[in-house]
Q: 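Sharing a structure, written as structure tokens. Questions coming.
Order of the sequence lines sets the chain letters (A, B, ...), proteins ahead of strands, with each chain counted from 1.
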Amino acid sequence: MSEFMVTIIRGELSEQVAATSTTTAGDLVGDGKTVVVARINGLVKDLSTMLHAGDVVEPVLVTSDEGLAVLRHSTTHLMAQAIQDINPQARLGIGPPIKDGFYYDFDVEKPFTPEDLATVEKRMGEILKQGQRFQRRVVSEAEARAELKHEPYKLELIGLKGGNVDSDVMEVGGAELTIYDNVDGRTGDVVWGDLCRGPHVPNTRFINANAFKLMRSAAAYWRGSEKNPMLQRVYGTAWASKDDLKHYLTMLEEAERRDHRRLGAELDLFSFPDELGSGLAVFHPKGGIIRRTMEDYSRVRHEDAGYEFVYTPHITKSNLFEASGHLGFYKDAMFPPMRLDEERDADGNIKRQGVDYYLKPMNCPYHNLIFRSRGRSYRELPLRLFEFGSVYRYEKSGVVHGLTRVRGMTQDDAHIYCTRDQMQGELKNLLGFVLDLLRDYGLDDFYLELSTRNDEKFVGSDEDWAQATAALEEAALSSGLDLVPDPGGAAFYGPKISVQARDAIGRTWQMSTIQVDFQMPQRMELEYTAADGSHQRPIMIHRALFGSVERFFGVLLEHYAGALPAWLSPVQVVGIPITSEHVEYLRDVAGKLQGLRIRAEVDASDDRMQKKIRNAQAQKVPFMLIAGDDDVAKGAVSFRYRNGEQRNGVPIPEAIAEIAEAVRNRT
RNA sequence: GCCUCCUUAGCUCAGUGGUAGAGCACCCGCCUUGUAAGCGGAAGGUCCUCGGUUCAAUCCCGAGAGGGGGCUCCA
């Protein structure tokens, strides 16, 4: 048997080793259950892959992103096998790994119940123990069709192969059609199989029985189209170790604990009364303080940055949105019209034509009316119009979600009208301004997304799109942040940058958007007089920083887990007397703080002092000022901070200065 | 919009084919306290709404509303 050399790469190191035609990747780089697949010449392959002269082989650890994806992919096979064991009638859809887990879609008579999932999990554990090998087998299309004649969805996927099938489809995304057989470790019998491009872990024992969990089931359209049948999707998660799973589940609990809908109720910030309808929030006094503080700060910053404030009504005749093009493109997402002034005769014939009024879904057309209310000079540009503008959108019932997806919201919306020459500089400044301001609210981990033209849904010339896209890209690159392309993600009228922020537990949220628009100025015939006396069309930049105030509010609440920085806290200081004798003393301190516009209260209730601390703690008040005889004697107060730390006997002027300083610094 | 689950006191949730309960919160007393729950009492419900089955429905069935989880969508 002839020997040849292959290269093994482990991190920075590489070495040459001898191999033969029967050497597998696993023989060279396998390492217990820590290595699940190998990267061979750049492609991830099964460990059972035979090597050839000159191959470059690299182990892929189960703890790496790629390794975890393979583990999850194999786990979803295990789940599908278990489900077909239990219910042979279940037909298979697709089953890919996803972020933190996996899913598999099934066509079944009845949706899965939580009890079903428990049964499936148990069966998975049994299969796992059998140590079934995942064995790759190349098949011809005819063979695949014959074997999978009972799996209509798989057959459909085979039909797609070679067409414009997305390479994400695990089943047929490879260069050839393959089936993975699950082979019983002892008997060698093939007990299950699935059309799949792989790769997989060598055998089911690589899946840690204590490190996977079926999470939930939900319906999903076959191949993501609402025209297709609904399948039942089972979501699961799988990790390299029990600890990793535990860590993930803890993170989920943490996310649940931070849920802004829960915090909104617990902290008495806002609610969604049924009487108003889905997706319409009311802000309670405490939520109102937070919101107003957010808005006030934004106002000041915008004023300093050269924005002018405008106000526009919440409804309009249809003309405006016909002119802007919204009724053409987005009518479905608008509330239906109110028809006014229509008169009919006894036979129901129209005597007098009515007028349709619409609720405002976007502010821009109104701002355009302000722009063109008189002649504009180039000397006025860039003209920056800002409004906290309330808009209403008829979001489909299934998508409404807390404050992050609502039907009535307030955008911190501005439109910047500028010349073509000014566009580049304006975008660059704007992005800097936006990031700066977001940081002031406590978000500091960003990346950018550049959404470019959807070739099937756009208006405007190629040149305009190219110029705007280039300008946005340059502004984005100059920020130094990561820039992720989002091809086809732009609105019909122009490309956009969106700022994505990572919150305290690593989730990302789309925040600000900056959008270039050549179209609307044209549709609404905006003009300015240039230096040479000619009439020119301005370029319009749409930008929202919070996106919507409601959404930003929700994100901040989750980011801080309700413990907002002092400047945003609805109650900044609670005075807690040791006995009722100390109430007046604390009222005096609170009065001094209130004189500095600090939101200070004294808890003079009949509760015991421990209970008052508990209450203030539950309300996440940043500063608790406690006073008893000892403090009174010294003209001092004792701090208890939100994190449980305390600092006793602080002289009153010093305590006031500390609190005032924290609020001023927005910490 | 589609699939699925849920809806009982202000909140969190028990419970039953014969019109209902707990804890917390609220209100009233007592207690006067040193860093996360003192004690007692009172009050509080159209068991989401509308239909149907039944001698009888909060409970079973159907429709609707609101909410959750997904899918699709997100100017």
Q: Would you say the side chain of A:Arg405 and the base of B:C73 hold a donor-acceptor pair, judged only by whether the two atoms sit under 3.5 Å apart?
A: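 When only heavy-atom distances are counted, A:Arg405 does reach the base of B:C73 through a donor-acceptor pair under 3.5 Å.
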Q: Among A:Gln515, A:His367, A:His415, which residue meets the side-chain hydrogen bond (donor to acceptor under 3.5 Å, both in side chains) test with A:His542?
A: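 For A:His542, the side-chain hydrogen bond (donor to acceptor under 3.5 Å, both in side chains) check succeeds only for A:His415.
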Q: What does the 5'-to-3' dot-bracket notation of RNA chain B look like when only Watson-Crick and G-U wobble pairs under 3.5 Å count, and pairs to other strands show as |?
A: (((((((..((((....[..))))..((((.......))))......(((((..]....))))))))))))....
Q: Hey, which of A:Phe388, A:Phe546, A:Trp509 is the one that makes ring pair (Phe, Tyr, Trp, His ring centres under 6.0 Å) with A:Phe552?
A: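 Testing A:Phe552 for a ring pair (Phe, Tyr, Trp, His ring centres under 6.0 Å) against A:Phe388, A:Phe546, A:Trp509 leaves exactly one candidate, A:Phe546.
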Q: Return the value, rounded to whole Å, for the distance between atom CD of A:Gln232 and atom P of B:U4.
A: 7 Å
Q: Look at the side chain of A:Asp629 against the base of B:G34 and say whether a donor-acceptor pair falls under 3.5 Å; ignore hydrogens and angles.
A: no
Q: Verify whether one side chain among A:Gln617 and A:Arg640 offers a donor that lies under 3.5 Å from an acceptor in the other.
A: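 Checked: A:Gln617/A:Arg640 side chains pair up, N/O donor to acceptor below 3.5 Å.
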Q: When you check the phosphate oxygens OP1 and OP2 of B:G34, does a side-chain N or O of A:His582 lie under 4.0 Å from one of them?
A: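 It does not, given that no N or O in the side chain of A:His582 lies less than 4.0 Å from OP1 or OP2 of B:G34.
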Q: Whole Å only: how far is the CE atom of A:Met362 from the C1' atom of B:C74?
A: 11 Å
Q: In whole Å, what separates the C1' atom of B:U54 from that of B:C61?
A: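 Roughly 12 Å separates the two C1' atoms.
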Q: Rounded to the nearest angstrom, tell me the gap between atom NE2 in A:His284 and atom P in B:C11.
A: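 After rounding, the reported distance stands at 11 Å.
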Q: Just to verify, which of A:Tyr394, A:Tyr358, A:Tyr330 counts as forming a ring pair (Phe, Tyr, Trp, His ring centres under 6.0 Å) with A:Phe335?
A: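 Option passing the ring pair (Phe, Tyr, Trp, His ring centres under 6.0 Å) with A:Phe335: A:Tyr394.
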Q: Please determine if A:Lys496 and A:Asp486 form a salt bridge, counting it only when a charged side-chain N lies under 4.0 Å from a carboxylate O.
A: no
Q: Kindly say if A:Arg223 contacts the phosphate of B:C71, meaning a side-chain N or O under 4.0 Å from OP1 or OP2.
A: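 For B:C71, neither OP1 nor OP2 has a side-chain N or O of A:Arg223 closer than 4.0 Å.
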Q: Looking only at atom P, what distance separates B:G40 and B:A25, rounded to whole Å?
A: 13 Å
Q: Nearest to the A:Ser397 side chain among B:A36, B:G1, B:G69, which nucleotide is it?
A: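 Nearest nucleotide to the side chain: B:G1.
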Q: Dump the intermediate steps for side chain to side chain donor-acceptor pair (under 3.5 Å) on A:Lys611 and A:Ser605, then the final yes or no.
A: CA-CA 10 Å; A:Lys611 180 64 179 292; A:Ser605 70; over 6 Å; no
Q: Distance between the C1' atoms of B:U4 and B:G17, in whole angstroms?
A: 27 Å
Q: Could A:Glu253 and A:Arg257 be called an ion pair, given the rule that one side-chain N must be under 4.0 Å from one carboxylate O?
A: no
Q: Looking at A:Ser580, does any N or O in its side chain come under 4.0 Å of the phosphate oxygens OP1/OP2 on B:U32?
A: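 Answer no for this pair, as no side-chain N or O of A:Ser580 is under 4.0 Å from OP1 or OP2.
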Q: A:Ala218 side chain: which of B:A36, B:G69, B:A37 is closest?
A: B:G69
Q: Both A:Asp259 and A:Asp630 contact RNA chain B. Which one's nearest nucleotide lies toward the 5' end?
A: A:Asp630
Q: Pick one: which of A:Trp222, A:Tyr104, A:Tyr153 meets side chain to side chain contact (heavy atoms under 4.5 Å, CB included) with A:Ile94?
A: A:Trp222
Q: Tell me which nucleotide among B:A36, B:G34, B:G69 gets nearest to the side chain of A:Asp631.
A: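 The listed nucleotide nearest to A:Asp631's side chain is B:G34.
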Q: Quick one: A:Arg407 CZ to B:G1 C1', roughly how many Å, whole number?
A: 11 Å
Q: Checking contacts here: which listed nucleotide (B:A75, B:G70, B:A36) is nearest the side-chain heavy atoms of A:Gln610?
A: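 Output: B:A36.
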Q: A:Glu109 has an atom CD; how far is it from atom C1' of B:C3, in whole Å?
A: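 These atoms are roughly 15 Å apart.
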Q: For A:Val632 and A:Phe112, take the nucleotide of RNA chain B holding the closest heavy atom to each; which residue's nucleotide lies nearer the 5' end?
A: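 Upstream on the strand: A:Phe112.
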Q: Rounding to an integer number of Å, can you tell me how far A:Glu322 CD sits from B:A75 P?
A: 22 Å
Q: Is A:Arg407 salt-bridged to A:Glu395, going by a charged N under 4.0 Å from an acidic O?
A: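 Judged by the 4.0 Å cut-off on N to carboxylate O distance, A:Arg407 and A:Glu395 do not form a salt bridge.
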Q: Phosphate oxygens OP1/OP2 of B:C3: is one of them under 4.0 Å from a side-chain N or O of A:Lys396?
A: no
Q: What integer number of Å spans the C1' atoms of B:C47 and B:C55?
A: 22 Å
Q: Measure CD/A:Glu256 against C1'/B:G69 and give the value in whole Å, please.
A: 11 Å
Q: Can you tell me if the side-chain N/O atoms of A:Ser278 get under 4.0 Å from OP1 or OP2 in B:G67?
A: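 Checking A:Ser278 against B:G67: at least one side-chain N or O falls below 4.0 Å of OP1 or OP2.
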Q: Is the phosphate of B:G68 approached by A:Arg261 (side-chain N or O, under 4.0 Å from OP1 or OP2)?
A: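 For B:G68, OP1/OP2 do have a side-chain N/O of A:Arg261 under 4.0 Å.
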Q: Atom CG of A:Leu276 to atom P of B:A65: distance rounded to whole Å?
A: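 My rounded result for the distance is 17 Å.
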Q: It should be established whether A:Tyr221 places a side-chain nitrogen or oxygen under 4.0 Å from OP1 or OP2 of nucleotide B:U4.
A: no
Q: So, is A:Arg608 close to the B:U32 phosphate, meaning a side-chain N or O under 4.0 Å from OP1 or OP2?
A: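 Looking at the OP1 and OP2 atoms of B:U32, neither is under 4.0 Å from any side-chain N or O of A:Arg608.
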Q: Using only modelled atom types and a 3.5 angstrom limit, is any donor from either the side chain of A:Ser638 or the base of B:G34 paired with an acceptor on the other?
A: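 It does, because a donor-acceptor pair links the side chain of A:Ser638 to the base of B:G34 below 3.5 Å.
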Q: What nucleotide among B:C71, B:C30, B:C73 has an atom nearest to a side-chain atom of A:Arg233?
A: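 Between B:C71, B:C30, B:C73, the one nearest the side chain of A:Arg233 would be B:C71.
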Q: From B:A75, B:U35, B:A37, pick the nucleotide closest to the side chain of A:Ile626?
A: B:U35
Q: Using atom P of each nucleotide, how far apart are B:G66 and B:U72 to the nearest Å?
A: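 Roughly 23 Å separates the two P atoms.
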Q: Just checking, A:Arg233 and A:Tyr103: is the charged tip under 6.0 Å from the six-membered ring centre and within 45° of the axis?
A: yes
